[in-house]
Participant: 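Let me begin by handing over the structure; questions about it come next.
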Amino acid sequence: MQTCAPGRSPSWVSRRRLLEQKISELHKCGNLSHIKQVHAQILKANLQQDLYVAPKLVAAFSLCRQLALAVNVFDQVQQPNVHLYNTLIRAHIQNSQVSQAFVTFFDMQTNGVYPDNFTYSFLLKACSGKAWFPVVQMIHTHIEKCGFCSDIFVPNSLIDSYSKCGPVGITSAKKLFELMDEKDIVSWNSMIGGLGKAGEMVEARRLFDEMPERDAVSWNTMLDGYAKAGDMSEAYKLFEKMPERNIISWSTMVSGFSKAGDMDMAKALFDTMPFKSLVPWTIIISGYAEKGLASEASKLYDQMEEAGLKPDDSTLISILAACAESGLLGLGRKVHASIERTRFKCSTQVSNALVDMYAKCGCLDKAYAVFDGIAKKDLVSWNAMLQGLGIHGHGKQALQLFARMRQEGVFPDKVTFIAILCACTHAGFVKEGLHYFHIMEKEYGITPQVEHYGCVIDLLSRGGRLDEAYKLVNSMPMEPNCVIWGTLLAACRVHNAVELAGEVLDVLVRLAPSDPGSFSMLSNIYAAAGDWGGVASVRLRLRSTGVQKPSGASLIELDNEVHEFTVFDESHRQSDKIYQMIDRLNQDLKQVGYVSSVQCQ
DNA sequence: GTAGGGTTAG
């Protein structure tokens, strides 16, 4: 900034010093009206072009989420330097405008300003966790051209970003890691983390053993790798060898055992850990809830609150999601009550989780009430509510809600259309479903993906238009997966299309040889058609593949207890009464003219 | 004199 000119009055000099002081602290100021005040003074002093002042202003506006004002400041500067460009790139990223950040990145080069290590740091951070392989590759190419790999942060971020891009990414990460002539402990840790994510635990272990020195992160990263791979015995061996265990090591083990289905081990470790934060409580409660163990989950939730811990958004969302998955309405209600008791208002994300939980548990009224109460609905809120209406057969209400969503100016995404198509299927709206399928690309620019084709094939099949469904499977622009073929097979069963079913099964066996579900489906189809020879041949084929079909089960929760039922099940203590009730229902159904689909049994 | 950043648990 230009220094005070000589010959000015003492008061001018002191005013100027004060402004300089304010400017130097501007970038960490979160008070918008103060920033606007200083901005006005800057304009008055004609300092808006100053290459020291402008980045401060851009950063300040960005911090207050005033991206438009930040861009405006930038636009006033005739010759931005790399520092100012970097600040604008960061501003876009901070305000979730990642694509605009890249536009700025290209703009600066067009204007003859070249990126530096700061630029790459920002851009790589924007890509982290996004699995954008081509983008990471492009950044990498730029970096190699300019030679900024000498800054250890840059290659380390690259390894991390590559690692999150799947198999292609991990190959690139490995190459880069080998080429690095100076590696610090973070380089090693990122590499073993990446290998773990890619499921290459043998190689991760080799590197871990080769490391010149290891810190807590190195050990925990290995534990997590084994845990994610489901190898809890190897994880436990390493856990016992650790020189020091912190709360992350313990939590990783609890999570690993819980995901592996061993709740006894998970609970034993949870009870042993010397200190518990919200994270391990979340892991153990969600673990029990996911397995439908309502009373354990519920008891632990109370204990967590008694221990004086207030669940945060992540805890609530995680537990509610588990409730939704297992239909634990009781625990879901308890969580809702505790939110209303302890919070003045709840975030959109938590409300969305509540909507989803109530909807999946069949309480559509409650779901609607929570949905209506969300002050700032986002796309996820709309999608959750649409999905809830759809899966419970309220097709008309779903389509009405979609219309309301459009009126309120919310633009749908691919999930919205899955919900809409599903709603049409469950309500039998074949014509409407096809209509939305056709307009999703034409009017909304959303290219149907395999999930959408799956919905439409389901829609056509259930509507009895099996031929059209089969034609669509064969004309899809992508390879039909086993979900698609499975849908078709289920439709064959409903419509007794024995011949087509055999054909579909052949495809399914090729695609997923270890899935016994298709065999039992075909067996049911033959049984329904009275073709017992067919049933026998399927059973034989199933035996020759060596896979066993786990029986399907129904679950219902009553007073914090989950009751599970499988076919021919007599294990329930009220089994006699249950079968009596089924008989009565069957008789009632027959009286109103219902005919079972398995008439030949 | 200015700007910043990486790896581990939900």
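To find a chain, count down the sequence lines: A is the first, B the second, and so on, and within it residues start at 1.
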Participant: How would you label the contact of N86(A) with the nucleic acid (heavy atoms, under 4.0 Å): base, sugar-phosphate, or nothing?
Facilitator: base
Participant: Under 3.5 Å, is there any donor-acceptor pair linking the side chain of N117(A) to the base of dG5(B)?
Facilitator: no
Participant: So which nucleotide from dT7(B), dA9(B), dG10(B) ends up closest to the side chain of T282(A)?
Facilitator: dG10(B)
Participant: Atom CG of L26(A) to atom C1' of dA3(B): distance rounded to whole Å?
Facilitator: 14 Å
Participant: Would you call the rings of F133(A) and Y162(A) parallel, tilted or perpendicular, taking 30° and 60° as the class edges?
Facilitator: tilted
Participant: Taking the six-membered ring for Trp and the single ring otherwise, decide whether the centroids of Y226(A) and Y236(A) are under 6.0 Å apart.
Facilitator: no
Participant: Which part of the nucleic acid, if any, lies within contact of S286(A), taking any heavy atom under 4.0 Å across all strands shown: a base, the sugar-phosphate backbone alone, or nothing?
Facilitator: nothing
Participant: With heavy atoms under 4.0 Å as the rule, sort T87(A) into base, sugar-phosphate or nothing.
Facilitator: nothing
Participant: Identify whether any heavy atom of D312(A) sits under 4.0 Å from a base atom; if not, whether one sits that close to sugar-phosphate; answer base, sugar-phosphate or nothing.
Facilitator: base
Participant: Under 4.0 Å, heavy atoms only, any strand: does N246(A) hit a base, just the sugar-phosphate, or nothing?
Facilitator: nothing
Participant: So, under a plain 3.5 Å distance rule, would you say the side chain of N220(A) forms a donor-acceptor pair with the base of dA9(B)?
Facilitator: no
Participant: Starting at NZ of K310(A) and ending at P of dG10(B), how long is that distance when rounded to a whole Å?
Facilitator: 24 Å
Participant: Taking NZ, NE, NH1 and NH2 as the nitrogens, is one of them in E178(A) or K174(A) under 4.0 Å from a carboxylate oxygen of the other?
Facilitator: no
Participant: For the pair made of CD1 in I23(A) and P in dG1(B), what is the distance, rounded to whole Å?
Facilitator: 18 Å
Participant: Distance criterion of 3.5 Å, no angle test: do you see the side chain of D116(A) paired donor-to-acceptor with the base of dG4(B)?
Facilitator: no
Participant: Let me know the distance between NZ of K125(A) and P of dA3(B), rounded to the nearest Å.
Facilitator: 18 Å
Participant: Can F118(A) be said to stack with the base of dA3(B), given centres closer than 5.5 angstrom and planes under 30 degrees apart?
Facilitator: yes
Participant: I want to know whether W250(A) and F270(A) have ring centres closer than 6.0 Å.
Facilitator: no
Participant: Counting only side-chain N and O atoms of H27(A), is one of them less than 4.0 Å from OP1 or OP2 of dT2(B)?
Facilitator: no
Participant: Ignoring the backbone of D151(A), work out which of dA3(B), dG4(B), dA9(B) is nearest its side chain.
Facilitator: dG4(B)
Participant: Round to the nearest Å and state the distance from F105(A) atom CZ to dG4(B) atom P.
Facilitator: 20 Å
Participant: What donor-acceptor contacts under 3.5 angstrom involve side-chain atoms of residues 100-107 of chain A, with partners at least two apart or in another chain?
Facilitator:
residue	atom	partner	partner atom	Å
T104(A)	OG1	H92(A)	ND1	3.4
T104(A)	OG1	Q100(A)	O	2.9

Participant: Would you say the side chain of S318(A) and the base of dG10(B) hold a donor-acceptor pair, judged only by whether the two atoms sit under 3.5 Å apart?
Facilitator: no
Participant: Please answer whether dG1(B) and Y52(A) are stacked, defined here as ring centres separated by less than 5.5 Å and planes angled under 30°.
Facilitator: yes
Participant: Figure out the CG/C1' separation between L309(A) and dG10(B), and round it to whole Å.
Facilitator: 14 Å
Participant: Let me know the distance between NZ of K28(A) and P of dG4(B), rounded to the nearest Å.
Facilitator: 10 Å
Participant: Looking only at the side chain of F153(A) (C-beta and beyond, no hydrogens), which of the listed nucleotides dA9(B), dA3(B), dG5(B) gets closest?
Facilitator: dG5(B)
Participant: In terms of side-chain geometry, is the basic nitrogen of E296(A) or K299(A) positioned less than 4.0 Å from the acidic oxygen of its partner?
Facilitator: no
Participant: Counting heavy atoms from C-beta on, name the nucleotide in dA3(B), dT7(B), dA9(B) closest to the side chain of R90(A).
Facilitator: dA3(B)
Participant: Round to the nearest Å and state the distance from K276(A) atom NZ to dG10(B) atom C1'.
Facilitator: 16 Å
Participant: Nearest of dT8(B), dG10(B), dG5(B) to any side-chain atom of V217(A)?
Facilitator: dT8(B)
